[in-house]
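Every value quoted in this text rests on a predicted model; they were computed, and no experiment measured them. Here, residue 1 is the first one in the sequence, and each next residue gets the next number.
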Amino acid sequence: MPSKHMTYKIGHLTPVRDRTAFITNLCEGRCVMHLGCAAWPLTEQQLRDGTLLHEPISKVARRAYGVDLSEEGLEFLRARGFKDLIRWDVEKLDELQLDDPVEVIIAGEVMEHLSNPGLFLRGVSRFMKHHKSKLIISVPNAFSYRHFLPVLLTKTEYVMPDHTAYYSFSTLSELLQRHDLQINECYTCTCTEGSSTVKRFLKRTLNTAVAGTFPQVSEGLMVVAEVV
């Protein structure tokens, strides 16, 4: 039998129906650093259909730094009036200097793309240590029904081609703890950026129905963390 030290009891998970509204509510009136803000190559599509997360963040934040490695995506946003955009590698945040101290850091669907998530979190925690900053991370759920059903039924892995890792609450919690970050709030969510209106409605409806009964297999995980 597996050792008790190999089991992780999943605590209470609160489903978030509108991920964008949840995040922007935490950003209102604050200085925000939004990592992966451009969402390239989907920037134009997301801005057109109203799902680009950086747009509502910019509207409610006192100041919104947008950080992304894609110069194409940043140039597209600059041409449309977005300010405080910085081309930077999020795995080198310990070298980044900003004018204002950040109160909220957003990393939505970023960590699963990285080669070195530990370097990323080390840089993030550096921004948080001298201020009561909040870190909001959302990642695809390793145990999502959208992942295990295709594998189970068709031997097909449903995954973006540039993803490097899967995360669960236990692995995400352990990784954050190694960089002096503590998860205070746990949620499940659906990422609908880049989807059509019909697909967004269907994904939210399905995920809400599933999450209501089995939150542990929801599409996405979202946590709010602070420096220990």
Say whether, by atom type as modelled, one donor and one acceptor occur between the side chain of [X] and the main chain of [Y] under 3.5 angstrom.
X: Arg178; Y: Gly118; value: no
X: Tyr65; Y: Asp100; value: yes
X: Thr156; Y: Pro150; value: no
X: Arg30; Y: Ala61; value: no
X: Glu91; Y: Ser115; value: yes
X: Thr171; Y: Ser168; value: yes
X: Asn116; Y: Leu119; value: no

Q: Please assess Ile137 against Leu121 for the test side chain to side chain contact (heavy atoms under 4.5 Å, CB included), listing each intermediate value before the final yes or no.
A: CA-CA 11 Å; Ile137 292 177; Leu121 290 172; 4.2 Å; yes
Q: Evaluate whether atom CZ of Phe148 has more than 12 neighbouring non-hydrogen atoms of other residues, nucleotides or ligands under 6.0 angstrom away.
A: yes
Q. Within a reach of under 6.0 Å around CZ of Phe143, are more than 12 heavy atoms found that belong to other residues, nucleotides or ligands?
A. no
Q: Evaluate the side-chain proximity of Thr188 to Asn141: yes if any heavy-atom separation is below 4.5 Å, no if none is.
A: no
Q. Do Glu71 and Arg78 sit within salt-bridge range, that is, some charged N less than 4.0 Å from a carboxylate O?
A. yes
**Q.** Electrostatic pair Glu109:Arg19 at N-O distance under 4.0 angstrom
**A.** yes
Please say yes or no: joined through hydrophobic side-chain contacts below 4.5 Å, possibly via intermediate residues, are [X] and [Y] part of one cluster?
X: Phe127; Y: Ile86; value: yes
X: Met111; Y: Ile183; value: yes
X: Leu221; Y: Leu13; value: yes
X: Leu69; Y: Leu96; value: no
X: Ile10; Y: Val139; value: yes

Q. What closest approach, in Å, do Ser133 and Met128 show between heavy atoms, and which atom pair accounts for it?
A. O-CE, 3.4 Å
Q) Looking at Phe82, does the NZ or CZ of Arg80 lie under 6.0 angstrom from its six-membered ring centre and within 45 degrees of the ring axis? A) no
(Q) Checking side-chain polar atoms at under 3.5 Å, does Asp68 have a donor or acceptor matched by the opposite partner on Ser70? (A) no
Q) In terms of side-chain heavy atoms, does Gln177 have a donor or acceptor partner in Ser173 at a distance below 3.5 Å? A) yes
Q: Show your working on side chain to side chain contact (heavy atoms under 4.5 Å, CB included) between Leu53 and Ile57 and close with a plain yes or no.
A: CA-CA 7 Å; Leu53 181 60; Ile57 287 176; 3.7 Å; yes
**Q.** Residue pairs involving residues 167-189 (criterion ring-ring contact (aromatic ring centres under 6.0 Å, His included); sequence neighbours excluded)
**A.** Phe22-Tyr187
Q. Taking only residues two or more places apart in sequence, or in another chain, which ones meet Val228 in a side chain to side chain contact (heavy atoms under 4.5 Å, CB included)?
A. Gln182
Q) Who passes salt bridge (Lys or Arg N to Asp or Glu O under 4.0 Å) against Asp94, sequence neighbours left out? A) Arg122
Q: Any chance you could lay out the side chain to side chain contact (heavy atoms under 4.5 Å, CB included) test for Glu112 and Met160, step after step, and finish with the verdict?
A: CA-CA 10 Å; Glu112 67 272 15; Met160 295 287 288; over 6 Å; no
Q) Looking at Ile105, Leu135, Ile106, which one forms a side chain to side chain contact (heavy atoms under 4.5 Å, CB included) with Leu35? A) Ile105
Q. How are the rings of Tyr158 and His147 set relative to one another: parallel (under 30°), tilted (30 to 60°) or perpendicular (over 60°)?
A. tilted
